[in-house]
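What you see is a predicted model; the values in this text were computed from it and never measured.
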Amino acid sequence: MRATRAVALTAATLVGAALAAACASGSGTTRTHSAPSGAVTYNDVRAIVSDSCEHCHNEDKAKGGLLMESYEELVAGGDHGSAVIPGDSASSRMVQMVEGRLKPRMPYKEDPLSREQIDLIRRWIDAGARAPAADAATAAIPDREIVPDVEPIVPVSGAVAAIAFDPGTRRIAVGSYKSVHLMSLADRKWIATLDGQADLVRAVAFSPDGKLLAVGGGPSGRFGEIRIWDVASVKPKLVSTIHGHADTILAIAFSPDGSTVASASYDKLVKLWDVATAKQIKSLKEHSDAVYALAYMPDGKRLVSAAGDRTLKVWDVSAGTRLVTMNEALDAVYTVAVNPSGTQIAAAGADRIIRTWSWSADATAPGGNSAKLSGSTFAHGDAVLRLAYSPDGSTLVSAGADRVVKVWDAGTLREKQMLDAQPDWVMALALSADGKWLAAGRYDGTLGLYALDGDRAGEQFVVPR
């Protein structure tokens with residue numbers, strides 16, 4: 001029972017674009033929607049989208065990387081950027097394609113929208129493409145499940161599902177339920193709380209300069225959320241909020257130059273976002289199951305993703321194309337780490353085996369890249385949930401659903417140390433940039449802080465509610 005619950009927890013917790021892509025033919029039946037004489041609302045536009053667009057732009061198809069099942073998905077855009085530019089219908093790609101000014105005309109291979117329908121869409125965009133009120137948005141979509149917001153009647157101690165040290169090893173960010181807490185490492189005091197996250201925080205990442213903190217999560221089955229905070233000052237300030245996935249975000253990572261954030265979601269997609277504008281740059285979509293983990297190569301030109309489809313994929317960030325797929329895993333892959341040298345990739349998951357691959361950007365290999373399985377070891381008695389390399393690349397740390405944290409020689413995969421038994425599943429793992437500290441976040445809402453020089457017992461903290 002315990003093992004089954006652990007794996008289930010992992011899958012649950014660790015675990016758009018232009019209309020320019022080809023669309024499959026829909027139902028062939030189109031209703032006429034008359035433009036109302038008053039102000040046009042999103043729900044008026046929603047009725048047209050539901051009839052004529054949604055059968056090609058949904059979670060299962062997402063042609064052109066664009067989802068249109070909700071307001072947030074429509075305005076997020078897809079592979080070609082924003083589909084709607086509020087206040088400017090003439091420049092909005094959605095209007096250009098339904099009018100046929102951009103090819104192919106949409107809806108693809110179906111009757112074009114009527115002049116009245118296009119006019120209605122234009123009026124909504126020119127008026128600012130305003131979002132629907134919460135009650136109006138849900139009332140207009142009776143076929144979708146309405147999830148009530150049920151508040152707990154007793155205090156909730158949220159699971160710690162995300163941890164990150166800042167680059168200067170001065171602070172540690174701890175993600176919990178709807179909030180992130182910052183601890184000062186100098187005196188072990190909680191110094192700030194970042195409230196207002198949509199749901200359980202499943203990923204946190206500091207920018208390379210330590211000035212920004214990206215926070216990922218969102219309610220399962222509804223949408224993914226990224227919040228970027230300015231944490232350079234004593235009082236953190238929210239910089240931007242991004243809603244761009246159709247399901248919760250499970251992993252985020254800053255590019256080495258800090259200009260881009262990559263996100264992975266249960267919706268099977270990896271997306272790249274411009275930090276300065278909060279706009280989508282690319283959508284990477286060859287995984288066939290939830291994408292649980294991400295890691296950039298040190299040069300920032302390549303990104304590695306790990307997914308429930310039992311594969312790792314290495315992507316060319318600039319082109320948005322897949323370079324290599326590693327499929328040696330026997331079950332879902334929950335975690336991936338890249339050695340700071342850039343020559344080794346480690347991954348693990350439900351089959352309980354840690355595997356490493358040697359990586360090279362080899363001009364003589366097909367596509368100029370190669371990944372070769374170089375080592376493996378049976379690591380834990382249950383699924384491996386997290387991996388992390390030390391800054392010098394000599395040490396690899398793993399955490400399992402068996403409530404065990406182990407320290408390995410990264411080159412030989414020989415076990416060097418086992419920490420004292422953890423009180424609950426370790427859902428988050430991080431090593432400090434100076435190579436001295438290891439932090440473990442647990443399902444029971446506690447944080448363990450260990451010195452990497454042999455400290456087995458560590459210091460234990462209860463994360464604030």
Using salt bridge (Lys or Arg N to Asp or Glu O under 4.0 Å) as the criterion, list what pairs up with [X], not counting sequence neighbours.
X: Arg171; answer: Asp166
X: Arg130; answer: none
X: Lys406; answer: Glu415

If you define the side chain from C-beta out and look only at heavy atoms, does anything of [X] sit under 4.5 Å from [Y]?
X: Val291; Y: Leu269; result: no
X: Leu387; Y: Val336; result: no
X: Ser220; Y: Asp247; result: yes
X: Gln422; Y: Thr446; result: no
X: Val324; Y: Trp359; result: yes
X: Val40; Y: Val45; result: yes
X: Lys271; Y: Lys282; result: no
X: Val333; Y: Leu312; result: yes

- Apply salt bridge (charged side-chain N to carboxylate O under 4.0 Å, His left out) to Lys279 and Asp274, showing your working. CA-CA 5 Å; Lys279 299 297 185 183; Asp274 183 277; over 6 Å; no
Taking atom types as modelled, is there a side-chain donor on [X] or [Y] under 3.5 Å from an acceptor on the other?
X: Ser176; Y: His181; value: no
X: Ser255; Y: Asp257; value: yes
X: Trp273; Y: Thr260; value: no
X: Asp392; Y: Ser390; value: yes
X: Ser240; Y: Arg227; value: no

Nearest 0.5 Å please: distance from the [atom1] atom of [X] over to the [atom2] atom of [Y].
X: Asp316; Y: Met297; atom1: CG; atom2: CE; result: 11.5 Å
X: Asp382; Y: His380; atom1: CG; atom2: NE2; result: 10.0 Å
X: Tyr296; Y: Phe254; atom1: OH; atom2: CZ; result: 10.0 Å
X: Trp357; Y: Met326; atom1: CH2; atom2: CE; result: 5.5 Å
X: Tyr450; Y: Leu438; atom1: OH; atom2: CG; result: 8.0 Å
X: Ile172; Y: Leu447; atom1: CD1; atom2: CG; result: 5.0 Å

- Task: Check step by step if side-chain contact (heavy atoms from CB on, under 4.5 Å) holds for Leu303 and Val314.
- Result: CA-CA 6 Å; Leu303 178 72; Val314 182; over 6 Å; no
- Message: Under the rule for ring pair (Phe, Tyr, Trp, His ring centres under 6.0 Å), what residues qualify as partners of His243, not counting sequence neighbours?
- Response: Phe223
- Which is it for Thr241 and Ile226 under the side-chain contact (heavy atoms from CB on, under 4.5 Å) test, yes or no, and what are the steps along the way? CA-CA 6 Å; Thr241 299; Ile226 302 172; over 6 Å; no
Are the side chain of [X] and the backbone of [Y] linked by a donor-acceptor contact shorter than 3.5 Å?
X: Asp267; Y: Ala246; result: yes
X: Trp425; Y: Ala401; result: yes
X: Gln197; Y: Ser179; result: no
X: Thr193; Y: Asp195; result: no
X: Ser92; Y: Asp88; result: yes
X: Asn339; Y: Gly342; result: no
X: Arg202; Y: Gly218; result: yes
X: Gln460; Y: Ala457; result: yes
X: Gln96; Y: Ala90; result: yes
X: Asp126; Y: Arg123; result: no

Can you name the side chain to side chain donor-acceptor pair (under 3.5 Å) partners of [X], sequence neighbours left out?
X: Asp453; answer: none
X: Ser207; answer: Asp209
X: Thr321; answer: none
X: Asp351; answer: Arg355

- Task: Classify the angle between the aromatic ring planes of Trp124 and Tyr71 as parallel (below 30°), tilted (30 to 60°) or perpendicular (above 60°).
- Result: perpendicular
- Query: Should Val397 and Val405 be marked as a side-chain contact (heavy atoms from CB on, under 4.5 Å) after you check the CA-CA gap, both sets of side-chain angles, and the distance that decides it?
  - Reply: CA-CA 7 Å; Val397 181; Val405 175; 3.8 Å; yes
Please tabulate, for the side chains in residues 427-434, all donor-acceptor contacts under 3.5 angstrom to protein atoms that are two or more places apart in sequence or on a different chain.
residue	atom	partner	partner atom	Å
Ser432	OG	Asp434	OD1	2.6
Ser432	OG	Lys436	N	3.3
Ser432	OG	Trp437	N	3.0
Asp434	OD1	Lys436	N	3.0

- side chain to side chain contact (heavy atoms under 4.5 Å, CB included) against Ala232, all qualifying residues, sequence neighbours excluded: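 Checked Ala232 against side chain to side chain contact (heavy atoms under 4.5 Å, CB included); matches are Lys211, Asp230.
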- Qualifying residues under side chain to side chain contact (heavy atoms under 4.5 Å, CB included), relative to Lys313, sequence neighbours excluded: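 Scan of Lys313 (side chain to side chain contact (heavy atoms under 4.5 Å, CB included), adjacent residues dropped) gives Glu286, His287, Ser305, Asp309, Thr311, Trp315, Arg322, Thr325.
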- Message: Give me each pair satisfying salt bridge (Lys or Arg N to Asp or Glu O under 4.0 Å) with a member in residues 290-306, each pair once, sequence neighbours excluded.
- Response: Asp299-Arg302
- Task: For side-chain contact (heavy atoms from CB on, under 4.5 Å), just list the numbers for Thr395 and Val407, CA-CA rounded to whole Å, side-chain angles, deciding distance to a tenth of an Å, and then say yes or no.
- Result: CA-CA 7 Å; Thr395 298; Val407 181; 3.3 Å; yes
- Message: Which heavy atom of Pro256 sits nearest to which heavy atom of Pro298, and what is that distance?
- Response: CG-O, 3.4 Å
- Message: With side chain to side chain contact (heavy atoms under 4.5 Å, CB included) as the test, pick out the partner of Trp229 among Val239, Val215, Leu212.
- Response: Val215
